[in-house]
Novice: 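Supplied in C-alpha cells, the structure appears directly below.
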Amino acid sequence: RQMCIRDSTLSINQIQFSLIAQTYVGLVRGLETFSQIVYYNVTYASQNRGAARSYQYFIPQTPIMIEDNPQYPFRSLTLDTARHYINLDGLKRTIDGLMYSKLNVLQWHIMDDDSFPLESLIYPDLTSNGAFSQDEIYTQQDLSLIHISEPTRLLSISYAVFCLKKKK
C-alpha cells in the first residue's frame with residue numbers, strides 16, 4: 001500500500017506564516033510542526049496565579065523555513081497488547097502520540113499463543129478462555145471505536161492476528 005505524500009513547506013517571519021502542502025496529510029503534518037514551535041507565556045494579574053491577565057504567543061528565532069519531507073515512507077510503532085494489555089484510553093493516547101510524532105503506521109500485535117484478548121464472534125470460548133482476564137479483552141466495538149477516531153484517519157493500522165475459519 002502506498003502511503004500519502006506529506007511534503008510541506010512552512011515559512012515563518014515576524015509578521016506572518018505560510019504553509020504549502022501537496023496533500024491533506026502534508027497539511028496536517030505541517031500544522032503539527034507549526035504547533036510544536038509556537039511558545040506561549042501567561043501573565044497573571046496577581047502573585048497567587050488567580051485569573052490570567054494576558055496570553056502571549058510567540059515563535060523564537062524567526063525567520064524560519066522548514067521543508068518537511070520524511071526520509072522513509074513508513075514510520076511505525078508496534079504495540080504488543082497480546083502480552084501487555086493496554087486499555088482503550090491508553091490506546092487512544094498512544095495514537096495521539098503517534099500523530100504528534102508524525103508516525104504513520106501502527107502495528108498492533110493483538111493476539112498470540114500466550115493470550116487471545118480479541119473477541120471472536122466465530123469462537124467465543126476462545127476469548128473467554130484465552131485472555132489473561134475477562135477485564136483485558138478487546139471487543140469488536142472497541143476496534144470500531146479505534147478505527148473511527150479522528151487521528152486514525154491518517155494512520156495505517158496493521159494487525160498481527162490469526163485468521164480463524166469455522167469448519168463446515
Side-chain angles (χ1 to χ4, degrees), residues 1-12 17-40 59 64-166:
R1 174 177 159 178
Q2 176 132 9
M3 300 306 292
C4 296
I5 297 171
R6 63 168 210 112
D7 297 345
S8 64
T9 301
L10 179 64
S11 300
I12 303 169
F17 84 95
S18 167
L19 175 61
I20 300 169
Q22 296 178 21
T23 63
Y24 171 75
V25 175
L27 177 66
V28 170
R29 301 294 194 229
L31 288 171
E32 186 62 50
T33 298
F34 180 72
S35 75
Q36 292 174 6
I37 61 175
V38 174
Y39 287 73
Y40 69 94
I59 300 170
I64 299 172
M65 178 178 248
I66 300 171
E67 293 183 10
D68 192 5
N69 183 10
Q71 185 174 357
Y72 303 104
F74 299 100
R75 293 153 320 279
S76 68
L77 174 75
T78 300
L79 284 179
D80 184 358
T81 60
R83 294 181 185 92
H84 308 284
Y85 181 81
I86 301 173
N87 64 28
L88 280 184
D89 289 336
L91 286 173
K92 289 176 184 178
R93 282 192 311 272
T94 301
I95 289 171
D96 287 343
L98 291 173
M99 297 293 93
Y100 191 72
S101 303
K102 301 179 190 172
L103 299 177
N104 64 352
V105 177
L106 171 63
Q107 299 169 347
W108 190 2
H109 184 200
I110 299 179
M111 61 191 83
D112 202 315
D113 57 353
D114 294 333
S115 173
F116 201 96
L118 179 64
E119 176 185 48
S120 172
L121 301 177
I122 299 172
Y123 299 106
D125 290 341
L126 188 59
T127 306
S128 60
N129 296 323
F132 285 128
S133 80
Q134 295 304 309
D135 296 329
E136 298 177 337
I137 292 175
Y138 299 107
T139 66
Q140 298 298 317
Q141 183 179 1
D142 293 342
L143 290 183
S144 66
L145 288 174
I146 293 293
H147 272 286
I148 62 172
S149 67
E150 180 65 24
T152 58
R153 293 188 318 122
L154 302 176
L155 269 181
S156 172
I157 301 178
S158 61
Y159 298 95
V161 298
F162 297 108
C163 182
L164 299 175
K165 295 186 179 176
K166 200 171 195 175

Novice: Taking atom CD of Q141 as the centre, report whether more than 12 heavy atoms of other residues, nucleotides or ligands fall under 6.0 Å from it.
Specialist: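 Count not over threshold, so no.
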Novice: How close do L143 and L118 get, counting heavy atoms only, and between which atoms?
Specialist: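 The answer is CD1-CD1, 3.5 Å.
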Novice: Return the minimal non-hydrogen interatomic distance between M65 and S11, and the atom names on each side.
Specialist: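 For M65 versus S11, the nearest heavy atoms are CE-OG, 3.4 Å.
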Novice: Do F34 and F17 have ring centres separated by under 6.0 Å?
Specialist: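 Yes - the distance between ring centres of F34 and F17 falls below the 6.0 Å cut-off.
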Novice: If every non-hydrogen atom of G30 is compared with every non-hydrogen atom of L10, which pair is closest and at what distance?
Specialist: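 Scanning both residues completely, I find the closest heavy atoms to be O-CD2, 4.3 Å.
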Novice: Would you find a donor on one side and an acceptor on the other, under 3.5 Å apart, between the side chain of E119 and the backbone of T127?
Specialist: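 The answer is no, because no donor-acceptor pair under 3.5 Å joins these two groups.
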Novice: Before giving the answer on side chain to side chain contact (heavy atoms under 4.5 Å, CB included), spell out for Q134 and S128 the whole-Å C-alpha distance, their side-chain angles and the decisive distance to 0.1 Å.
Specialist: CA-CA 7 Å; Q134 295 304 309; S128 60; 4.0 Å; yes
Novice: Can you check whether L27 reaches L19 side chain to side chain, under 4.5 Å on heavy atoms?
Specialist: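 Yes, at least one pair of side-chain atoms sits under 4.5 Å.
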Novice: For the CD1 atom of I110 and the CZ atom of F116, what is their distance to the nearest 0.5 Å?
Specialist: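 Rounded to the nearest 0.5 Å, the CD1-CZ separation comes to 9.5 Å.
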Novice: Would you name the heavy atoms of S8 and G26 that are closest together and state the gap between them?
Specialist: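 It is CB-O, 3.6 Å.
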Novice: Just verifying a value: how many Å separate S76 OG and L103 CG, rounded to the nearest 0.5 Å?
Specialist: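 It is 7.5 Å, given to the nearest 0.5 Å.
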Novice: So how far is it from L88 CG to L91 CG, rounded to the nearest 0.5 Å?
Specialist: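 CG of L91 is found 6.0 Å from CG of L88.
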Novice: As an exercise, state the distance from NE2 of H109 to OG of S115, rounded to the nearest 0.5 Å.
Specialist: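 Taking NE2 in H109 and OG in S115, the distance rounds to 9.5 Å.
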Novice: Any side-chain heavy atom of Y100 sitting closer than 4.5 Å to one from D96?
Specialist: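 No, every pair of side-chain atoms sits at 4.5 Å or beyond.
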Novice: Compare every heavy atom of P117 with every heavy atom of T81, then report the nearest pair and how far apart it is.
Specialist: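 The answer is O-CG, 4.2 Å.
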Novice: Out of curiosity, R29 CZ to N69 CG, how far, rounded to the nearest 0.5 Å?
Specialist: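 One finds 13.0 Å between CZ of R29 and CG of N69.
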Novice: To the nearest 0.5 Å, tell me how far N87 CG sits from Y138 OH.
Specialist: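 These two atoms lie 7.5 Å from each other.
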